[in-house]
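These notes concern the structure reproduced below.
Both backbone and side-chain heavy atoms feed into the values below; hydrogens, waters and symmetry mates do not.
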Amino acid sequence: MKNLIKGVVVSIFTLALMLGLNVVTTPAETVYTPVGGTTTIVKNLVVDSDANIPNISFAFQIRRGEAQAATSTTVEILNSSTGGSSIGDVSFSNADTPNTIAGLPSDADPTNPTAGKKYVQKQVTVTFQPNTFTKPGVYRYVIQETNSNLPGITYDSNAIRYLDVFVVSDANNVLSVDSYVLRDSISAISKEGAYVTNPGEKSEGYTNVLTQYDFTFNKTITGNQGDKNKRFTFTLNISGANPGVYPVVTNDVTGNPTYITVESNGTLTTTFSLTNGSSVQILGLNQNAVCAVSEAEEDYTATHAIDGGSAVAGNNSGNITLASADHSVAFTNTRTGIIPTGVIMTIAPYAIGILLFGAAAIFTLSRRKRMAY
């Protein structure tokens, strides 16, 4: 019995030893703590050098790019399992300060800027949530500007950019974002970390251009009875304009504002007071804004001429669309009196009466004298 028990124990140990020799040791899987991050892209708005910045906003969208398998020469492009990304809007306003160097953002030589232009540059924040990146690699995202057809805006010719996020791990397997690269086009990445196509096609962001025009109206008083000190009331209506404050240039500040404010619905109605030689110029209205100016009716003959053309009767310009150029309206008010010539008839009857009375008196005196003799 003892020998049997001993044999069983020996067999169990032998079996355990055999099983132990055949166990394959599986290494523990590396555990990374997911990370996120933030970066910014650039947004430029170009305007005329003598104009204000309007109150306008631009929006963007961000989504995951397409994953790409690794090849013998290129690395894998990853997708985040959660997405976890967001991008903010960007707003411009009259309070913004233009770049200290005039011209365009693309001007290579700041000492020779593009004439008549200036720009404001803003930062757009891109945020990746803390659980976005789960392992080392390159994660690709697609950023697109939303074209909201703002009046007068020419949007960046390339609405889509590609943002690659390079995630690395250290010796302790701690993840971190090493760099962000924004590009105008998609490209594979070599195992050495270089872009395979168009390596120089990196981007900072987007540039939009606001096309702007000026609107001017002036006043002339003529005629031999025209009072050149008389003031006439003008009403200006604007529609289809970007909201904001617009500077007004005038050589006659009596009763006239030095700026106007277009409401959030893109409209404005305001009045000006003009006399002979007065002029008003609204600077920097966006392309396709519509202006109409009229003057209050007076006992003058009113005409107006648009853009230096022939004068036509009337005291209302009608709607003028700033489609491709500056526009102007010249108003003329004429008052002419006809002065009669010859005897002034308003006093002639009295003069004739005096003459007749005098003649009668002389005749009577002469007759009395003859009768006395």
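For the atom pair Leu283 CG and Tyr213 OH, the distance stands at 15.0 Å (nearest 0.5 Å). Rounding to the nearest 0.5 Å gives a distance of 9.0 Å between OG1 of Thr270 and CD1 of Ile238. Summarising the geometry, atom CG belonging to Leu268 is positioned 7.5 Å from atom CG belonging to Asn237; distances are rounded to the nearest 0.5 Å. In this structure, the separation between CG on Leu210 and NZ on Lys117 is 8.0 Å, given to the nearest 0.5 Å.
Using a 4.0 Å cut-off between a side-chain N of Lys or Arg and a carboxylate O of Asp or Glu, Asp96 and Lys122 qualify as a salt bridge.
Ring centroids of Phe128 and Tyr141 are separated by less than 6.0 Å, placing the two rings close together.
Remark: the backbone N or O of Ile221 is paired with a side-chain donor or acceptor of Asn276 at under 3.5 angstrom. A donor-acceptor contact shorter than 3.5 Å links the side chain of Gln212 to the backbone of Asp48. A donor-acceptor pair under 3.5 Å is formed between the side chain of Tyr155 and the backbone N or O of Leu150. Side-chain N or O atoms of Thr132 include one that pairs as donor or acceptor with a backbone N or O of Gly84 at under 3.5 Å. Checking side-chain atoms of Asn55 against main-chain N and O of Asn94 turns up a donor-acceptor pair under 3.5 Å. Remark: the backbone N or O of Ala51 is paired with a side-chain donor or acceptor of Lys118 at under 3.5 angstrom.
In this structure, Ile189 is not a member of the same hydrophobic cluster as Tyr139, with clusters built from ILVMFWY side-chain heavy atoms closer than 4.5 Å.
Through direct or relayed side-chain contacts under 4.5 Å between Ile, Leu, Val, Met, Phe, Trp and Tyr, Tyr119 connects to Val46, Leu104, Val209.
With Tyr162 as the aromatic partner, Arg183 does not meet the cation-pi criteria of under 6.0 angstrom to the ring centre and within 45 degrees of the ring axis.
Within the 4.5 Å cutoff, the side chain of Thr73 has no heavy atoms near those of the Ser190 side chain. Within the 4.5 Å cutoff, the side chain of Thr134 has no heavy atoms near those of the Val167 side chain. With a 4.5 Å cut-off on side-chain heavy atoms, Ile41 and Ile87 count as touching. In this structure, the side chains of Arg140 and Gln68 come closer than 4.5 Å at one or more pairs of heavy atoms.
Between the side chains of Asp109 and Thr111, at least one donor N or O sits under 3.5 Å from an acceptor N or O. If you check the side chains of Asn52 and Tyr259, you find no donor sitting under 3.5 Å from an acceptor. Between the side chains of Ser279 and Asn218, no donor N or O sits under 3.5 Å from an acceptor N or O. Looking only at atom types and distance, the side chain of Thr275 has no donor-acceptor partner in the side chain of Ser278 under 3.5 Å away. With 3.5 Å as the limit, one finds no donor-acceptor pair spanning the side chains of Thr334 and Thr301.
Partner of Tyr300 under the side chain to side chain contact (heavy atoms under 4.5 Å, CB included) criterion, out of Thr222, Asp227, Thr332: Asp227 alone. Exactly one of Thr207, Asp89, Asn208 qualifies for a side chain to side chain contact (heavy atoms under 4.5 Å, CB included) with Lys43. That residue is Asn208.
Within a 6.0 Å radius of CD in Glu201, more than 12 heavy atoms belonging to other residues, nucleotides or ligands are found. Within 6.0 Å of CD on Glu297 lie no more than 12 heavy atoms contributed by other residues, nucleotides or ligands.
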